[in-house]
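None of these values were measured; they are calculated from a predicted model. Convention: sequence-line order gives letters A, B, ...; per-chain numbering from 1.
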Amino acid sequence: MSVITLVTDFGTRDWFVGAMKGAMLRIAPRVTIVDINHEVPAGNIAAGAFALAASYSYFPKGTVHVIVVDPGVGSSRKALAIETTNYIFVGPDNGVLSLALRREKITAIHSLENRNYHAEQVSRTFHGRDVFAPVAAYLAQGTAIAKLGRRLNKLVMLKWPEMRKERAVVKGEIVYFDHFGNAITNINEAAFTTATEKSWEVYISHGRRCKLEQFYQIVRTGQPLGIIGSTGFLEIAVNGGSAKRVLNLKIGTVVTVRPSRKAGSLKR
Amino acid sequence: MSVITLVTDFGTRDWFVGAMKGAMLRIAPRVTIVDINHEVPAGNIAAGAFALAASYSYFPKGTVHVIVVDPGVGSSRKALAIETTNYIFVGPDNGVLSLALRREKITAIHSLENRNYHAEQVSRTFHGRDVFAPVAAYLAQGTAIAKLGRRLNKLVMLKWPEMRKERAVVKGEIVYFDHFGNAITNINEAAFTTATEKSWEVYISHGRRCKLEQFYQIVRTGQPLGIIGSTGFLEIAVNGGSAKRVLNLKIGTVVTVRPSRKAGSLKR
Amino acid sequence: MSVITLVTDFGTRDWFVGAMKGAMLRIAPRVTIVDINHEVPAGNIAAGAFALAASYSYFPKGTVHVIVVDPGVGSSRKALAIETTNYIFVGPDNGVLSLALRREKITAIHSLENRNYHAEQVSRTFHGRDVFAPVAAYLAQGTAIAKLGRRLNKLVMLKWPEMRKERAVVKGEIVYFDHFGNAITNINEAAFTTATEKSWEVYISHGRRCKLEQFYQIVRTGQPLGIIGSTGFLEIAVNGGSAKRVLNLKIGTVVTVRPSRKAGSLKR
């Protein structure tokens, strides 16, 4: 039984996701469909790309991952299916797939042009239902990716901020806020694990700072901390609260990490 | 493997939908349950009816569609199962089923009176869990609809505004706002496809107007357009924004469509 | 085919629930996963416990119920799997499981210590994905609970307010607000069914009162009523509105129920 996952910005208060699932079940009645997230902010390609990159690798090999954050629907933007050694990815060619693919070995990229694998009538505004859903269902059923359309050799890449490291000092920025108000940065744990320091301080703009800790409740309720989050990136959190609100953080806020000076070496 | 779909106004922040699914799985452990939408505004029969009408036909033949928007639960309103040539519909008899049924050929309407197909204890306020869920599960398992209760020959019909057409001018109104703030009207594409005109202008109250276009990004960000949406109805949209907010639209706002006057024929 | 249910405070606007499902499907590809509720207010153990207690018993025997409302994740709080005569429960040992278990006969409690049943790498902040999801999947596949870790003989119990009854007068309080704004109290229907009175009055603080009725629409739109809700507890509702908002109710607001004085016995 194959798995199809969905990331979209369709929300859950209309029928869009339901109609996509109906379209998939007509073609692949035994597929298991898993919602990853339908609350990507409307048209926010970076947020959608991050959600997919943070979750796709936890699914069984062979899973078909569909992402529809598609402000250019109906225009000349391409639609893609991309096969890697582990998964198949389906979505518009606007960068939303590219973040997940940075860690995958791509074996084929195809343009979704063959109308035999689309709905009979394709609407102008809902390729999620009329193109991406049927294509994903056919792929989950075992249809060869090469049948879907012309082979391509590249895709649109999302411009993504990279952390910078100078000796032991790492500089990055906030790239995502989760439901709890935790601020996820682009500073990954490799920045820490390869260093010999045991203790780190996290500096946020406007002179605020906190320590890198092992779990939330090590600081008092309402106090901030840095923590390596479940995505492998440094997060700024507040125990029992929203770091976004409490610290008034924004996407792009600069975050710097430095080794703690040992108390014994402090001089005045 | 049969499919049951759900449209409700239960929201997803309690356990109501989960309890319905549990009740269904106890009877039909292999059924595939698909959420269409649980965010119908509380008690809003028209919005629920529209969501079901916009999505039911994308599901496999034989799907059991359940809708529970039921402000009269526990009162004397009837509960129904309705068989058409393609699907089975289950819900309260308050009009919420009627919009989807306008395009279906009804073969049987039955009142849900036979308590053998309900929960052992039926609560006063949650027929979703205690009546509609078990009935849907039995139907998905192949129980004949006639066993559920007395045959009826009519159902409550929703009063629904119809578009009016006078020669090439079509007049309708806004009937639904989706998650993106697109305003869906009751003007269907047949109003355009049967006409010889190639270019149309959409007039919204207070002298505002826009053109009927093929995709969102053909206009500049923040600009309005008319577009035939994925439901087959004319929608007012704003590229990259919410038409509802930007244009201050409401349910019932009048929308008129006229052929564009050709530039050459304009006289002053 | 076994069923796993999920109650969490992860929300649905990130990828957390999706990643948990991926982790489960890798181990148990044929399991049916049902979302009960991911909108438990962040870290609100009482609300999560109530949602689970209100819904778990509607699922098939053998269902594995997972609840992750876990502000102490990464600290020394225990993680548990608890077997009863009907179900298996999985979650942190912070009281969130205890309300559901009050009506269940516990046969075994085990601490989730055996890392063979966790993810290869366990993050500090997301035991939902790395501990609870894989453990639930193994249990759904038939793994014996004793393999998961050391046997325990108790769990953390939630402090829960109990109703008090003095002759025919029952005193309780509001313990939960649902999506519709109905106020669920801790006064259960047994308080009424064992009494001989036929008619009851519900007193809310500040001298407000309403009658215990059989369904919402028996009172006029906007008017309050008491009703035995679908959980078996007394609820304060407003026909067509939100009792929480209309009556300005809060968690902990005192509610008293008394038999109605018969009109005939009123003396002035």
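- Counting only heavy atoms from C-beta outward, the side chains of A:Trp15 and B:Val7 never approach each other to under 4.5 Å.
- Considering every non-hydrogen atom in both A:Arg124 and B:Ile228, the closest pair reads NH1-CB, 3.5 Å.
- Ranked by non-hydrogen atom pairs under 4.5 Å with chain A, the options B:Gly11, B:Ala54, B:Ser55, B:Ser57 are led by B:Ala54.
- Ring-plane geometry between A:Phe10 and B:Phe180 is classed as perpendicular, the angle between the planes exceeding 60 degrees on a 0 to 90 degree scale with a lower cut at 30.
- Using a 4.5 Å cut-off between heavy atoms, A:Val17 does not touch chain B at all.
- Contact annotation for B:Gln214: both backbone and side-chain heavy atoms come within less than 4.5 Å of a heavy atom of chain A.
- The local environment of CZ in B:Arg208 is crowded, with over 12 non-hydrogen atoms from other residues, nucleotides or ligands closer than 6.0 Å.
- To the nearest 0.5 Å, the span separating CD1 on B:Ile184 from CG on A:Asp14 amounts to 7.0 Å.
- Once rounded to the nearest 0.5 Å, the distance linking CG of B:Asp35 with OG1 of A:Thr12 reads 9.0 Å.
- The backbone N or O of B:Tyr58 sits nowhere less than 3.5 Å from a side-chain atom of A:Arg129 that would complete a donor-acceptor pair.
- Nearest approach of A:Ser75 to B:Gln217, heavy atoms of both residues: OG-OE1, 4.0 Å.
- Contact detail for A:Gly18 and B:Phe59: the closest heavy-atom pair is O-CZ, 3.0 Å.
- Considering every non-hydrogen atom in both A:Gly22 and B:Pro60, the closest pair reads O-CD, 4.1 Å.
- If you measure heavy-atom distances from B:Phe177 to chain A, the contacts under 4.5 Å come from the backbone alone.
- Within 6.0 Å of the CD atom in A:Glu162, the count of heavy atoms belonging to other residues, nucleotides or ligands exceeds 12.
- Pairing each heavy atom of B:Ser230 with each of A:Phe16, the nearest pair is OG-CE2, 4.5 Å.
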